[in-house]
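In what follows, a single structure is set out as structure tokens and then discussed.
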Number of protein chains: 4
Amino acid sequence: MRGMPRNADANAALREKTRERVLQAAVRLFSRHGFDGTSVRALAQEADIAVGLLYSHFDSKEAVLSALMRSSMLDVARTLEAADREPTARGFVTVLLTSAVEMLDAHRDLWRLSQGLRHQPEVLARLKLPLEQFLGATHQRLTQALAERGVPDADIEARVLFATVEGVSQQYVQHEGDYPAAAVIQAVARRWPGVTRKRKADTR
Amino acid sequence: MRGMPRNADANAALREKTRERVLQAAVRLFSRHGFDGTSVRALAQEADIAVGLLYSHFDSKEAVLSALMRSSMLDVARTLEAADREPTARGFVTVLLTSAVEMLDAHRDLWRLSQGLRHQPEVLARLKLPLEQFLGATHQRLTQALAERGVPDADIEARVLFATVEGVSQQYVQHEGDYPAAAVIQAVARRWPGVTRKRKADTR
Amino acid sequence: MRGMPRNADANAALREKTRERVLQAAVRLFSRHGFDGTSVRALAQEADIAVGLLYSHFDSKEAVLSALMRSSMLDVARTLEAADREPTARGFVTVLLTSAVEMLDAHRDLWRLSQGLRHQPEVLARLKLPLEQFLGATHQRLTQALAERGVPDADIEARVLFATVEGVSQQYVQHEGDYPAAAVIQAVARRWPGVTRKRKADTR
Amino acid sequence: MRGMPRNADANAALREKTRERVLQAAVRLFSRHGFDGTSVRALAQEADIAVGLLYSHFDSKEAVLSALMRSSMLDVARTLEAADREPTARGFVTVLLTSAVEMLDAHRDLWRLSQGLRHQPEVLARLKLPLEQFLGATHQRLTQALAERGVPDADIEARVLFATVEGVSQQYVQHEGDYPAAAVIQAVARRWPGVTRKRKADTR
DNA sequence: GATGAATGAGACTTCATTCAT
DNA sequence: GATGAATGAAGTCTCATTCAT
């Protein structure tokens, strides 16, 4: 076992700080110029570190992207959790959209980045991200949430809801600030039942 | 004077055919490997022409992308036109989504490609695409279409509709074939008025 | 099938010339500074071409080395052939050494280079050179040559001979010109039988 | 004044042990992957010390190589000494080869490494190794040894002997264990006089 | 028009070395 | 003494674009 001067804790903290700086710089640059449009040199400069140091934290430029994408998937998952406490479908939809919008405010760049990659199968494959599986699981959760709140035909309705959330998110991000989010959310919510009916049968 | 050879028309047709082959090759490759992931050499190879010839048809690799994006915007515009003949909001929405899905079937790759670039402002700027303006115009047209069909609060409702169309398109493309498009479209349409009420005031 | 302007033959000749220039530059530089000590930029400069062009002729810097090594193995094989016409062991040895020395005069750098790599198993493995096999075959040929010329115990004697040729080559190259090659060759040859005795048994 | 701590001797011994570990790690790695193919980090890891510590023992990576090469030259010199006690040329040759082979068994990797560098003049120059001079001295010693044992034309014969030793060493190392060293040595020795004749004149 | 050899800037990544702790 | 985070120069290779034929 080898020694460890300079205090191991301080060292770990130092590393964590640097890593975080790289990730934040990466969100900014990747989302603006694209992954390929961002050079490692630019990335290091934005993070205010030497190029070499970047590689002591990540195996490759791609690994930085991969870390970001994982974090983005967590964002989405968290959005869902917030809505789960609402008893009615309308409440569920409202909170879902509201917290999605809040998440976008906080992580707009990250979300833009992840959207940009959604449709590039080759790239996703290289990153080894379980996107397919993640989308499937999300659909499942939405279906169950609606079913529990008495929405019939929950499977199809979940698809409608999923599409709506994605569409609204897209529009919201695209408009960079002047989007009537509250009004749109309300208009969407009005289309979902405000009370929970007795369910006669199970979802499946 | 030389030049102006045997048959000017045949020559022009030939050029057009080559140009078309390049564009088709570009959709395939760009949508799979991304713009940066596709080399001009690969592009020329896929189009079965020499690299040099490609440059006699397009100023640059970027110009090829630009041409594709313009064509994609036309796709979307055409989708709208198809729906315009429907008298009720529900009919409008139904046809809008249906023809969107049809368009996706025909131009899935192109649409994927354009989606991938939607969120990269710097790239879009370089391509000098009037995306902002195009989205604004589309929103206008939707708003007017809904207003004309007696939908109150047409501005907000148009945003809901736009978001829905985008969301459904996204999901549809993502699922590569096993998406219950018809059922989803029906479920969406049910949320829109099937009859046109008298309008009391204009939209604007 | 695509066309081929600028005359296909001229094109091929052009390519061959360039390729040859690269190989010659590579011998010079690799043998002086080592493979790792030679940058691709330096290589291209010495060959008086652009870096990129080098890569249209060879897959990698390593591929250049590989091509050289193959050519070096041919050199050695040719040396053997020259000696095969001698009827006595002494004549065989004399010609073998003489033509080895001649070969070294012509391809000193290449031989130095290949010697430098002989003992780096990892590198050789990467180059996928059949060195092991080549050395085995050479030993076989020497054994048979000696046996045919009536040398008893030809297997061991072939090893002595092989070692001598290698050792003399090494010394010759190391001395850069002031090596009494003729005298050494004569002294070596004196140790081998000048007449061919009747063989009583086969070699093996 | 601080420093000069508890036990200066123990400290020095510790340093020496570390230095030795580095050198051993270096032989292993350099001989397998080459000098350039071995990173300082890998070297430190193999020696189980921190990178920084390595630099407190050696000025540079090159200095490590230099130390190894010097040690390799000592190996060769020692080989010669062992043979010096033999009265006849044949005995001298036999012991020379035998102890060369023994040395190779003990320091195969080191010898391989040094052989790999023999033909790279630029590299040798950087290491400031007196190779030229060392080879000259070795030749001198061989010449004298043969002359003293009554071999005429000792200068040329010494070259033959030197070449033989090098050639056999090369073959021996290349064959990684299945080389009939004893038989080859015997076959070589048979070519040298087993008795010492009166010398009529001096060598030079 | 059509070709592909040629160019050279710039991308990602590695690595010897330094130095604050 | 001992550590390993940090540096940035330099390496290999790719690629959009040009142009002689």
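Heavy atoms only: backbone and side chains are in, while hydrogens, waters and symmetry mates are out. Below, chain A is the first sequence line, B the second, and so on; all start at residue 1.
- When rounded to the nearest whole Å, the span between CG of L54(C) and C1' of dT14(F) equals 13 Å.
- Applying the 4.0 Å criterion to OP1 and OP2 of dG1(E), one finds that S56(B) has a side-chain N or O inside that range.
- Distance CZ/R118(A) to OG/S72(A): 10.0 Å, rounded to 0.5 Å.
- Note: CD (Q45(A)) to C1' (dA11(E)) measures 15 Å, nearest angstrom.
- Checking each of K17(C), R15(C), E16(C) against R19(C) for a side-chain contact (heavy atoms from CB on, under 4.5 Å) leaves exactly one that passes, namely E16(C).
- OP1 and OP2 of dA16(F) both lie 4.0 Å or more from every side-chain N or O belonging to R41(B).
- Of the candidates dT17(E), dG8(F), dA16(F), the closest approach to any side-chain atom of V51(A) belongs to dG8(F).
- Atom CG in L53(A) sits 9.0 Å away from atom CZ in R21(A) (nearest 0.5 Å).
- In this structure, the nucleotide among dT18(E), dT3(E), dT14(F) sitting nearest to the side chain of Y55(C) is dT14(F).
- Between the CZ atom of F58(A) and the P atom of dT13(E) there is a distance of 13 Å, given to the nearest Å.
- For T18(C), whose side chain is taken as the heavy atoms from C-beta onward, the closest listed nucleotide among dA6(E), dT17(F), dT18(E) is dA6(E).
- In this structure, CD in Q45(D) is found 8.0 Å from CZ in R41(D), a value given to the nearest 0.5 Å.
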Pairing string of DNA chain E (Watson-Crick or G-U wobble, both atom distances under 3.5 Å; | = paired to other strand) is .||||||||||||||||||||
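- In this structure, V40(B) reaches the bases: a heavy-atom distance under 4.0 Å links it to at least one base atom across the strands shown.
- The CZ-C1' distance, from R19(A) to dA6(F), rounds to 18 Å in whole Å.
- The separation between D48(C) atom CG and dT7(E) atom P is 8 Å, rounded to whole Å.
- Taking atom CG of residue L29(C) and atom P of nucleotide dT12(F), one finds them 12 Å apart after rounding to whole Å.
- Rounding to whole angstrom units, CZ of residue R15(C) and C1' of dA20(F) are separated by 16 Å.
- Comparing K61(D) and F35(A) by the nucleotide of DNA chain E that holds the closest heavy atom to each, the one mapping nearer the 5' end is F35(A).
- Atoms CG and CD, from L113(C) and Q120(D) in turn, are 8.5 Å apart once rounded to the nearest 0.5 Å.
- Using modelled atom types, one side-chain atom of S31(A) and one backbone atom of V27(A) make a donor-acceptor pair closer than 3.5 Å.
- The distance between atom CG of D36(D) and atom C1' of dT12(F), rounded to the nearest whole Å, is 14 Å.
- The nucleotide whose nearest atom lies closest to any side-chain atom of S39(A) is, among dA6(F), dT13(E), dA11(E), dA11(E).
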Yes or no on side chain to side chain donor-acceptor pair (under 3.5 Å) for S66(A) and R70(A), after CA distance, side-chain angles and deciding distance?
-> CA-CA 6 Å; S66(A) 187; R70(A) 268 166 233 282; 3.2 Å; yes
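- At dA6(F), one or more side-chain N or O atoms of H57(A) fall inside 4.0 Å of OP1 or OP2 (strictly under the cut-off).
- Summary of the strand contacts: A50(A) and D59(C) both lie near DNA chain F, and taking for each the nucleotide with the nearest heavy atom, the more 5' one is attributed to A50(A).
- Surrounding CD of E132(B) are at most 12 heavy atoms belonging to other residues, nucleotides or ligands under 6.0 Å away.
- Place G52(D) and T38(D) on DNA chain E by their nearest nucleotides, and T38(D) ends up nearer the 5' end.
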